[in-house]
Amino acid sequence: MKPSIPKGTRDFSPQEMVRRNYIFDTVKQVFQLYGFLPIETPAMENMETLMGKYGEEGDRLIFKVLNSGDFLNGIDVNELQNANIKQLTSKISEKALRYDLTVPFARYVVQHQNEISFPFKRYQIQPVWRADRPQKGRYREFYQCDADVIGSNSLLNEVELVQLIDDVFTRLNLPVIIKINNRKILSGIAEVIGEADKIIDITVAIDKLDKIGVEGVNKELAEKGVGEEAIKKLQPLIEFKGTTTEKLNFLKTLLSTSAVGLKGIEELEFIFSKPSAGISEQSTLELDITLARGLNYYTGAIFEVKANAGSLSSSICGGGRYDDLTGIFGLPNMSGVGISFGADRIYDVLNELNLFPESVSASTKLLFVTFGEAEQNYCLPLLAKVRKAGVNSELYPDAKAKMKKQMSYADDKKIPYVVIVGSDEMNSGLLTFKNMTSGEQTKIDIETIINSVK
RNA sequence: GUGGCUGUAGUUCAGUUUGGUUAGAGCAUCGGUUUGUGGUACCGAGUGUCGUGGGUUCGAGUCCCAUCAGCCACCCCA
């Protein structure tokens with residue numbers, strides 16, 4: 001059998017893991033800096049926890065887990081043949097792999113509401129799974145790094161999240177463009193053009209503007225049954241260009257008859273008025289009226305971040321405010337706002353742009369090379385001493401291995417120093433100490449070695 | 001769910017156009033030159049059901065059909 005792994009999944013070798021940890025560590029540090037606390041939730045959730053939260057497309061992409069044991073128990077042949085997939089699925093599968101971290105978090109909050117003091121700021125870094133067709137920047141198993149504040153309506157949370165995003169990407173040295181919009185504005189627009197019930201179709205179409213252009217958007221709108229008149233009304237909005245202030249003023253006129261729309265504008269004005277605290281020079285903050293985001297549960301601000309360099313055009317971070325995610329689980333009036341970093345996509349971008357720092361490794365510094373068991377025994381206490389001094393070190397384990405083999409091992413592992421021990425060294429107590437970068441070697445005692453390696 | 005491209009050694013690929021003897025190369029791995037010296041040198045070694053199944057043919061890695069897998073794009077998304 002030829003070994004392989006499922007489509008869309010990957011192994012991570014040491015070099016990749018070191019780099020991935022660099023991303024996770026950076027994100028985690030910033031999360032903690034902003035006062036978020038960690039939680040974890042199980043890989044699997046009950047099916048009904050997940051279904052229906054992500055739209056129709058989302059349901060299709062949820063990985064279902066087959067019931068254990070005789071999963072066909074109680075299913076008759078007719079049912080199998082008539083194949084109402086949805087109904088059948090619910091009978092043979094009660095669990096599913098989590099699709100994101102936000103919905104499990106909402107479930108967690110409801111379930112643990114009595115232990116939590118609100119507002120609750122949590123972060124969560126775990127893999128999620130989607131039964132999507134893999135392609136560039138898209139995997140079936142990938143890590144999300146989420147930070148959410150729940151139980152607070154304050155728009156200051158939105159402001160903080162923008163700064164947090166900026167902080168993370170500044171630390172990663174990655175120039176990004178942070179786009180903001182507000183679902184209320186999109187609702188207002190749908191309302192004003194008289195197609196309030198088509199809000200989802202309209203936002204999805206508008207979202208594709210920079211990809212398929214004005215004509216493409218209009219075509220899609222028409223296909224979805226949006227009236228000609230309504231599409232016409234939409235044009236000035238789609239084509240509008242200007243500064244943030246200009247955009248907001250323009251929207252105020254356009255949405256003057258929509259209470260929701262005006263509320264959305266007010267919220268955005270607040271957010272844009274605050275971060276005088278500062279976005280770093282390498283990041284751009286932009287109000288993008290066409291930003292929509294597919295997830296159904298967003299109700300207020302929405303965020304999306306794209307790398308300002310490199311070939312990956314999809315978003316590397318996204319989020320928004322949801323007013324009633326916990327309502328479905330029985331806890332109403334609990335507003336939350338959060339963002340999610342896509343670690344794997346960030347990795348791809350940093351990798352392409354060569355932005356990983358050179359020295360992100362904590363590997364072995366010193367290797368003991370010996371000629372046999374006697375030498376190994378002589379080295380063991382020395383090894384313990386070196387480790388006690390806090391130096392990452394190891395002893396080549398196979399006593400019969402040739403020197404060449406041991407030296408190659410050090411070289412492959414990029415171990416900077418080697419200590420060679422044979423009978424001479426054991427007799428004199430002066431060990432051969434070799435600097436693998438310069439090739440120089442000297443005979444010194446173990447204390448001197450520790451001091452020069454530290 | 002829709003469309004396009006690609007499957008040959010551990011890996012990256014050549015060979016497919018125009019069917020013809022024993023299917024090659026780089027890298028990696030292992031061994032040796034050197035029983036106490038790596039990264040540079042030289043010598044040597046090994047591995048393939050040519051993705052799978054069927055068909056055409058005297059003969060198929062090469063042509064045809066099916067199937068599976070991977071990649072890319074759409075949809076959607078981190």
Side-chain angles (χ1 to χ4, degrees), chain A residues 1-10 13 23 27 54-62 85 98-102 125-146 165 200 203-205 207-208 211-212 216 220 292-296 298 303-307 311-320 338-349 367 369-372 375 396 400-426 431-441 443:
Chain A
M1 177 192 122
K2 194 168 185 172
S4 68
I5 53 177
K7 190 202 302 211
T9 65
R10 293 143 312 145
S13 298
I23 296 173
V27 170
Y54 309 104
E56 211 172 306
E57 179 77 4
D59 283 356
R60 197 169 62 79
L61 298 180
I62 291 172
I85 294 294
R98 63 167 169 256
Y99 178 90
D100 71 355
L101 301 179
T102 309
I125 299 176
Q126 288 190 278
V128 303
W129 294 269
R130 295 184 187 175
D132 215 347
R133 285 234 184 143
Q135 51 182 285
K136 189 178 180 187
R138 173 173 303 180
Y139 307 100
R140 290 185 139 185
E141 178 184 57
F142 60 97
Y143 270 74
Q144 290 194 329
C145 314
D146 275 38
I165 292 170
I200 291 186
T203 52
V204 168
D207 195 40
K208 292 178 198 161
K211 220 175 197 174
I212 59 178
E220 179 160 336
R293 298 189 55 77
L295 291 177
N296 287 343
Y298 293 123
F303 310 105
E304 184 162 292
V305 181
K306 287 182 179 178
S311 64
L312 189 72
S313 58
S314 35
S315 61
I316 53 178
C317 177
I339 43 133
S340 177
F341 292 84
D344 306 76
R345 284 183 177 174
I346 293 173
Y347 178 97
D348 289 346
V349 174
L367 175 75
V369 168
T370 66
F371 296 99
E375 286 89 344
Y396 196 90
K400 286 183 198 126
K402 291 187 175 153
M403 186 145 207
K404 182 188 169 85
K405 172 94 177 132
Q406 301 189 53
M407 295 299 284
S408 301
Y409 176 82
D411 195 49
D412 288 343
K413 247 182 127 172
K414 305 224 164 18
I415 298 173
Y417 302 102
V418 164
V419 171
I420 302 165
V421 176
S423 47
D424 289 356
E425 285 83 357
M426 287 198 290
L431 313 175
T432 301
F433 175 63
K434 175 158 182 162
N435 179 327
M436 293 295 277
T437 319
S438 65
E440 287 168 31
Q441 67 185 51
K443 288 208 162 189

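Protein chains get the first letters and strands the later ones, always in sequence-line order, with residue 1 at the start of each. Since the structure is predicted, the reported quantities are computational estimates derived from the model, not experimental observations.
Rounded to a whole Å, the NZ atom of A/K405 is 21 Å from the P atom of B/U34. The distance from atom CG of A/D100 to atom P of B/C77 is 12 Å, rounded to the nearest whole Å. Computed from coordinates, the A/K402 NZ to B/C30 C1' distance equals 11 Å when rounded to whole Å. Between the P atom of B/A78 and the CD atom of A/Q144 lies a distance of 6 Å, rounded to the nearest Å. Separating the OH atom of A/Y409 from the P atom of B/G36 is a distance of 20 Å, rounded to the nearest angstrom. Spacing between atom CZ of A/R140 and atom C1' of B/G70 amounts to 12 Å, rounded to whole angstrom units. If you measure from atom NZ of A/K7 to atom C1' of B/C72, you get 13 Å, rounded to the nearest angstrom. Atom pair A/Q406:CD and B/G38:P shows a separation of 12 Å (rounding to whole Å applied).
With B/C75, B/C72, B/A78 as the choices, the nucleotide that has an atom nearest any side-chain atom of A/E57 turns out to be B/C75.
B/G20 sits 34 Å from B/G3 when the P atoms are compared, rounded to a whole Å. A distance of about 25 Å separates the P atoms of B/C43 and B/G36, rounded to the whole Å. Nucleotides B/G55 and B/U62 place their P atoms 14 Å apart, quoted to the nearest Å. For the P atom pair drawn from B/U18 and B/U11, the interatomic distance equals 31 Å after rounding to whole Å. Taking atom C1' on both B/U2 and B/C58, the two are 44 Å apart, rounded to the nearest angstrom. Using atom C1' as the reference point in both B/A60 and B/U21, the two lie 15 Å apart (nearest Å). Rounded to a whole angstrom, the distance from the P atom of B/U34 to that of B/G51 is 44 Å. Of the P atoms belonging to B/A9 and B/C5, the separation is 23 Å, rounded to the nearest Å.
Side-chain atoms of A/R133 stay outside donor-acceptor range of the base of B/C74, with no qualifying N/O pair under 3.5 Å. For a distance-only test at 3.5 Å, the side chain of A/Q441 qualifies as a donor-acceptor partner of the base of B/U37. Between the side chain of A/R345 and the base of B/C77, a donor-acceptor pair under 3.5 Å is found. On a pure distance criterion of 3.5 Å, a polar donor-acceptor pair joins the side chain of A/D411 and the base of B/G38.
Proximity of A/Q135 to the phosphate of B/A73: a side-chain N or O atom is located under 4.0 Å from OP1 or OP2. For B/C76, the OP1/OP2 oxygens have a side-chain nitrogen or oxygen of A/K208 closer than 4.0 Å.
Aromatic stacking of A/F341 on B/A78: not satisfied for centres closer than 5.5 Å together with planes under 30 degrees.
Crowding of A/K413 atom NZ: a count of heavy atoms from other residues, nucleotides or ligands under 6.0 Å exceeding 12. Within a 6.0 Å sphere centred on NZ of A/K402, heavy atoms belonging to other residues, nucleotides or ligands number 12 at most.
Once rounded to the nearest 0.5 Å, the distance linking OG1 of A/T203 with NZ of A/K208 reads 10.0 Å. Atom-to-atom distance recorded for A/I420:CD1 and A/M403:CE is 3.5 Å, nearest 0.5 angstrom. Here the CZ-CG distance, from A/R140 to A/L61, works out to 9.0 Å after rounding to the nearest 0.5 Å. The CZ atom of A/R345 lies 5.5 Å from the OG atom of A/S315; values are rounded to the nearest 0.5 Å. Considering CZ of A/F341 and CD1 of A/I125, their distance stands at 9.5 Å, rounded to 0.5 Å. A/D132 contributes atom CG, which lies 13.0 Å from atom OH of A/Y139 (distance to the nearest 0.5 angstrom).
Side-chain atoms of A/Y143 and A/V27, non-hydrogen and from C-beta on, never get closer than 4.5 Å to each other. Between A/R130 and A/D100, the closest side-chain pair of non-hydrogen atoms falls below 4.5 Å. With contacts defined as side-chain heavy-atom distances shorter than 4.5 Å, the pair A/Y417/A/L367 does not qualify.
Comparing A/K443 and A/L61, the nucleotide of RNA chain B nearest to each residue sits closer to the 5' end for A/K443. Ranked by how close their nearest RNA chain B nucleotide is to the 5' end, A/Y139 and A/M436 are led by A/M436.
For the contact set between residues 417-426 of chain A and RNA chain B, defined by any heavy atom under 4.0 Å, the members are A/I420, A/G422, A/S423, A/D424, A/E425.
At a threshold of 4.0 angstrom between heavy atoms, the contacts of A/K404 include nucleobase atoms, whether or not backbone atoms are also involved. Using a 4.0 Å heavy-atom cutoff across all strands shown, A/T437 reaches at least one base atom of the nucleic acid. Residue contacts shown for A/K434 include a base, since a base heavy atom lies under 4.0 Å away. Nucleic acid contact class of A/G58 (heavy atoms, under 4.0 Å, all strands): none.
Stretches of at least 3 consecutive Watson-Crick or G-U wobble pairs, with each checked distance under 3.5 Å, appear in RNA chain B as B:1-7 with B:68-74, B:10-13 with B:24-27, B:29-33 with B:41-45, B:51-55 with B:63-67.
Among A/Q406, A/K405, A/E375, the single residue meeting the side chain to side chain contact (heavy atoms under 4.5 Å, CB included) criterion with A/V369 is A/Q406.
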